[in-house]
Amino acid sequence: MEIERIILRQIKMDLLTPFTTSVGTEVDKDIILVEVVGKDGLSGWGESVSIVQPMYNEETVKTNWHIMTDFLIPLLLKEPIEHPDMVFPRFQYVRGNYNAKAAIEGAVWDLYAKSQNLSLSKALGGVKDKIEVGVSVGIQHSEQQLLQQIEGYLQEGYKRIKVKIKPDWDVSILKMIRKSFPQIPLMADANCAYTLDDIDHLRHLDEFNLMMIEQPLAHDDIIDHGVLQANLETPICLDESIHSAEDARKAIELGSCRIINLKIGRVGGLSESKKIHDLCVKHDIPLWCGGMLEAGIGRAHNIAITSLSNFTIPGDTAPSAHYWKQDIIEPEVKMENGLIAVPDGPGIGYEPNLSLIERLTVKQSSICL
Ligand SMILES: O=C(O)CCC(=O)c1ccccc1C(=O)O
Ligand SMILES: [Mg+2]
């Protein structure tokens, strides 16, 4: 693959509804889009999942722009790339900054798939032509409001409901949900809101027949989660704590989780995502694809990775209309009966809407050799 130049664009988009977790609220998003232009005129697209505050992990939109322009892009352009698997190792001496790395690597994967006339799904080894869709429901102003939202989502066809929890928004809301919907596939995501001191409190959650509890303890922990899992019946799913296949191996060996939420940005890209997928197959650990309120480009990448065989639990990749008045790709991502069709066109299989992207752009830079 011969890369001619790389265009970075920072766009700003309003979320249809604010999204609240145990750490904070997002109302709009600044998003960095990466366009890798090949010498043959094809373009590959990637999207960074970083937000403006270092609230989910340590990265931000500003640090991503800096790391991409000053370090990652010069490394990428320095020597030819024969296969996207070469990108992550090329970035090896830039520590961390996985969202930034993944956005660039994802664009190279898209360009590669297009150059091979393959869908990104097929290029990654995907086998499914439809993926199952769940929805992540943020913390609401009232319990009644939460119940109404869940009712609406079930009518729309979502196959799994995830609610965000924190110490004063957990037992009571789960009790209420189970009273109305005793059987629905239900899970809870704490975004690190508890410590091991809460072990007796967390054991109360066992009575709600949850599919899993996502990331109850610290963002950088895998040890305490093992202690907690040994004291809980409900499976623990790790999100924030897993940055690599090595992290996943250690968490599995320590018994710190029975399920893994995979986010492409958090682990540094699609090549590492595949490694985690294959490791989980070997250890019989089910996977699902998490979400970071992505715009269309990131969403398309999530759909492609979810088409791999071991993504056996509905993910957080909801359709475009759940987040945006108008998404930046055409066609938008649509859901039917709780399923999203995996596109079979070349690359991500959706066209970036360039005129809309241009209108939303607040900052742009074009970098060539
Ligand atoms: O709909 C989505 O994209 C998932 C939303 C979500 O749960 C989330 C959104 C932003 C940051 C972290 C998380 C999370 O999974 O923890
Ligand atoms: Mg999570």
Side-chain angles (χ1 to χ4, degrees), residues 13 15-31 47-61 98-99 102 131-140 146 149-150 153 156 158-166 169-170 186-194 210-221 225 235-243 251 257 259-267 287-303 305-306 313-324 327 333 335 338 340:
M13 292 176 82
L15 284 164
L16 279 177
T17 45
F19 187 77
T20 301
T21 69
S22 64
V23 270
T25 300
E26 292 179 61
V27 296
D28 52 22
K29 282 198 78 182
D30 279 85
I31 297 170
E47 172 181 332
S48 172
V49 295
S50 290
I51 54 176
V52 293
Q53 295 151 314
M55 198 165 81
Y56 169 80
N57 66 10
E58 73 290 353
E59 297 180 75
T60 70
V61 175
Y98 283 0
N99 295 344
I131 61 162
E132 295 192 300
V133 186
V135 64
S136 174
V137 191
I139 291 166
Q140 306 296 316
L146 175 66
Q149 292 229 342
I150 292 173
Y153 292 138
E156 283 181 59
Y158 286 102
K159 291 188 177 288
R160 180 227 61 187
I161 301 289
K162 157 169 143 181
V163 289
K164 293 287 184 179
I165 56 167
K166 56 179 182 156
W169 182 265
D170 52 10
L186 179 67
M187 60 173 288
D189 184 0
N191 290 105
C192 323
Y194 303 90
L210 301 177
M211 301 163 79
M212 69 195 90
I213 300 172
E214 183 177 341
Q215 195 73 34
L217 308 179
H219 70 98
D220 54 358
D221 170 77
H225 278 99
I236 289 176
C237 168
L238 289 178
D239 172 357
E240 281 89 336
S241 296
I242 305 294
H243 306 101
C257 64
I259 298 171
I260 289 177
N261 162 334
L262 184 124
K263 290 179 181 169
I264 303 162
R266 199 192 64 222
V267 306
L287 271 173
W288 55 279
C289 183
M292 294 288 284
L293 312 174
E294 288 89 347
I297 305 287
R299 196 158 301 282
H301 284 263
N302 288 348
I303 293 167
I305 197 70
T306 307
I313 298 172
D316 277 347
T317 306
S320 302
H322 176 64
Y323 307 87
W324 316 110
D327 204 343
V333 176
M335 174 175 80
I340 289 172

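Scope of the values below: all heavy atoms of this structure, side chains included, with no hydrogens, waters or symmetry mates. Position 1 is the first residue of the sequence, and the numbers go up from there. One-based numbering, in listed order, for ligands and for the atoms of each.
- Shown here are the salt bridge (charged side-chain N to carboxylate O under 4.0 Å, His left out) partners of Lys164, two or more places apart in sequence or in another chain: Asp189.
- Residues Gly138 and Leu146 come closest through the heavy atom pair O-CD1, 4.3 Å.
- In this structure, Met187 and Trp288 approach most closely via the heavy-atom pair CE-CZ2, 3.6 Å.
- Between Lys263, Glu240, Arg299, Arg266, it is Lys263 that holds the heavy atom closest to atom 14 (C) of ligand 1.
- Scanning Gly315, Ser136, Gly24, Gly291 for the heavy atom closest to atom 8 (C) of ligand 1 points to Gly291.
- Among protein heavy atoms, the minimum distance from atom 3 (O) of ligand 1 is reached at Leu293 N, 2.9 Å.
- With sequence neighbours excluded, the residues forming a ring-ring contact (aromatic ring centres under 6.0 Å, His included) with Tyr153 are Tyr158, His322, listed by chain and number.
- Using a 4.0 Å cut-off between charged nitrogen and carboxylate oxygen, Arg160 and Asp316 count as a salt-bridge pair.
- Atoms of ligand 1 lying under 4.0 Å from at least one heavy atom of Phe19, given by number and element, are 5 (C), 6 (C), 7 (O), 8 (C), 9 (C).
- The ligand atoms of ligand 1 that sit less than 4.0 angstrom from a heavy atom of Asp239 are 14 (C), 15 (O), 16 (O).
- The line from CG of Asn99 to CG of Asn57 is 5.0 Å long, rounded to the nearest 0.5 Å.
- In summary, of the residues considered (Glu214, Gln215, Glu240), a side chain to side chain donor-acceptor pair (under 3.5 Å) with Asn191 occurs for Glu240 alone.
- Protein atoms that are N, O or S and lie under 2.8 Å from the Mg ion (ligand 2) are these: Asp189 OD2, Glu214 OE2, Asp239 OD2.
- Atom SG of Cys192 is separated from atom NE2 of His219 by 7.0 Å, given to the nearest 0.5 angstrom.
- In this structure, the protein non-hydrogen atom closest to atom 10 (C) of ligand 1 is Glu26 OE2, 3.9 Å.
- In terms of protein heavy atoms, atom 11 (C) of ligand 1 is closest to Met292 SD, 3.6 Å.
- The shortest heavy-atom contact between Ala102 and Ile264 is CB-O, 3.7 Å.
- A search for ring-ring contact (aromatic ring centres under 6.0 Å, His included) contacts involving Tyr194 returns nothing, not counting sequence neighbours.
- In the vicinity of Tyr323, heavy-atom distances shorter than 4.0 Å reach the ligand 1 atoms 1 (O), 2 (C), 3 (O).
- The Lys164 neighbourhood of ligand 1 comprises atoms 6 (C), 7 (O), 8 (C), 13 (C), 14 (C), 15 (O), 16 (O), with distances under 4.0 Å to a heavy atom of that residue.
- Atoms of ligand 1 lying under 4.0 Å from at least one heavy atom of Asn191, given by number and element, are 14 (C), 16 (O).
- Atom NZ of Lys29 is separated from atom CE of Met292 by 6.5 Å, given to the nearest 0.5 angstrom.
- For His322, no heavy-atom contact with ligand 1 is shorter than 4.0 Å.
- We find the CG-SG distance between Asn261 and Cys289 to be 7.5 Å, quoted to the nearest 0.5 Å.
- With a 4.0 Å heavy-atom cut-off, ligand 1 is reached by the side chain of Lys162 but not by its N, CA, C or O.
- The proximity of Val135 to ligand 1, defined as any non-hydrogen pair under 4.0 Å, does not occur for either the backbone or the side chain.
- Within the 3.5 Å criterion, the main-chain N or O of Val333 finds a donor-acceptor partner in the side chain of Ser320.
- In the vicinity of Glu214, heavy-atom distances shorter than 4.0 Å reach the ligand 1 atoms 15 (O).
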